[in-house]
Amino acid sequence: MTVAAILKEKGRDVIAERGETELAEVCKVLGKNKIGAILITDPDGHIEGIVSERDIVRAVGEDGSAALTRPVSSVMTKSVVTCSEDDTVSQVMAKMTAGRFRHVPVVKDGKVAGVISIGDVVKHKIAQVEQEAEQMRSYITMA
């Protein structure tokens, strides 16, 4: 199964903010949309960074509530690992495991085409295993 299959089911909506947005506003957007990370993009939609709940916790842990008035660009992860629609679920899982992160932007032709989370990946991996088990049961009962 590929990343394209995940995006086909979940959709390609991407929520993004600009680097100058205050961290407190980003927190509101995360809460309102019930998401764990948000992309930071330039006006042309190119990825500049990503901010996750971990980044926010780290910033507040270091600077207290004063961190919430800082621009999100000061706390975002600037080195963003991406994937393509052609990547397999296993390839994305390996990237997430190696980098210890839970959200991966999907890039197509240099533009953001979606974002997948570890929840999306696990959901599809479980569905794949269940389908394989059902096929095996059908094969065994027919034999």
Side-chain angles (χ1 to χ4, degrees), residues 1-140:
M1 180 171 295
T2 64
V3 169
I6 294 175
L7 291 178
K8 183 177 179 183
E9 184 177 315
K10 80 170 274 192
R12 296 175 175 272
D13 294 341
V14 175
I15 298 172
E17 287 290 336
R18 301 283 183 257
E20 63 272 8
T21 305
E22 284 190 358
L23 190 57
E25 183 60 31
V26 169
C27 291
K28 289 177 189 174
V29 172
L30 290 172
K32 177 183 173 194
N33 292 285
K34 298 178 182 169
I35 56 177
I38 189 167
L39 292 180
I40 307 305
T41 59
D42 67 15
D44 296 323
H46 298 106
I47 300 171
E48 293 183 331
I50 190 168
V51 174
S52 70
E53 296 162 326
R54 284 185 194 159
D55 295 319
I56 295 166
V57 168
R58 190 176 306 112
V60 171
E62 290 171 2
D63 298 332
S65 61
L68 298 174
T69 61
R70 291 172 44 193
V72 72
S73 61
S74 69
V75 301
M76 70 184 183
T77 300
K78 293 178 176 89
S79 183
V80 181
V81 174
T82 63
C83 67
S84 76
E85 293 183 4
D86 297 329
D87 285 347
T88 66
V89 170
S90 295
Q91 288 171 320
V92 174
M93 285 178 74
K95 286 182 182 186
M96 290 177 159
T97 301
R100 298 184 49 96
F101 47 80
R102 298 173 290 169
H103 300 86
V104 178
V106 182
V107 177
K108 181 178 181 178
D109 300 325
K111 300 270 184 174
V112 179
V115 175
I116 60 170
S117 70
I118 189 68
D120 301 324
V121 171
V122 169
K123 176 182 173 184
H124 282 82
K125 197 67 169 173
I126 289 171
Q128 181 182 8
V129 168
E130 287 175 347
Q131 181 181 13
E132 290 169 359
E134 183 56 37
Q135 289 171 347
M136 188 64 86
R137 280 192 289 275
S138 293
Y139 176 76
I140 290 170

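All residue numbers refer to positions in the sequence shown, counting from 1.
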Looking only at heavy atoms, the pair that brings G114 and L7 closest together is CA-CD2, 4.1 Å
Here the pair of heavy atoms bringing L23 nearest to A59 is CD2-CB, 4.2 Å
Are I56 and V75 close enough that some pair of their side-chain heavy atoms sits under 4.5 Å apart?
no
When rounded to the nearest 0.5 Å, the distance separating CD1 of I15 from CG of N33 is 3.5 Å
In terms of heavy-atom contacts, C83 and K95 come closest through CA-NZ, 3.8 Å
Residues 66-77 vs side chain to side chain donor-acceptor pair (under 3.5 Å), sequence neighbours excluded, gives D55-T77, D63-R70, R70-S74
Value for CG (L68) from SG (C27), rounded to nearest 0.5 Å, stands at 5.5 Å
Rounding to 0.5 Å, atoms OG1 (T41) and NE2 (H46) come to a distance of 10.0 Å
Exceeds 12 heavy-atom contacts within 6.0 angstrom, atom CG of D44 = yes
Test: E85 and R12 ion pair at under 4.0 Å: yes
Contacts of M96 meeting side chain to side chain contact (heavy atoms under 4.5 Å, CB included) (sequence neighbours excluded), chain-then-number -> V92, F101, V104, I118, V121
For K111, the salt bridge (charged side-chain N to carboxylate O under 4.0 Å, His left out) test, sequence neighbours excluded, returns none
Output for pair (I116 CD1, K10 NZ), nearest 0.5 Å, gives 7.5 Å
Heavy-atom nearest pair, E53 first then I35, reads OE2-O, 4.1 Å
Output for pair (D120 CG, R102 CZ), nearest 0.5 Å, gives 13.0 Å
Shortest non-hydrogen pair, I40 vs V72, comes out as CD1-CG1, 3.7 Å
Those residues at least two apart in sequence (or on a different chain) that pass salt bridge (charged side-chain N to carboxylate O under 4.0 Å, His left out) with R100 are none
For this session: Check for a donor-acceptor pair, side chain of Q91 on one end and backbone N or O of T88 on the other, with a separation under 3.5 Å.
Result: yes
In this structure, CD of Q135 is separated from CD of Q131 (nearest 0.5 Å) by 5.0 Å
Of all heavy-atom pairs linking R18 and D42, the shortest is NH1-O, 3.3 Å
With sequence neighbours left out, the residues meeting salt bridge (charged side-chain N to carboxylate O under 4.0 Å, His left out) with K8 are none
The side chain to side chain contact (heavy atoms under 4.5 Å, CB included) partners of V14 (sequence neighbours excluded) come to L39, V112, V115
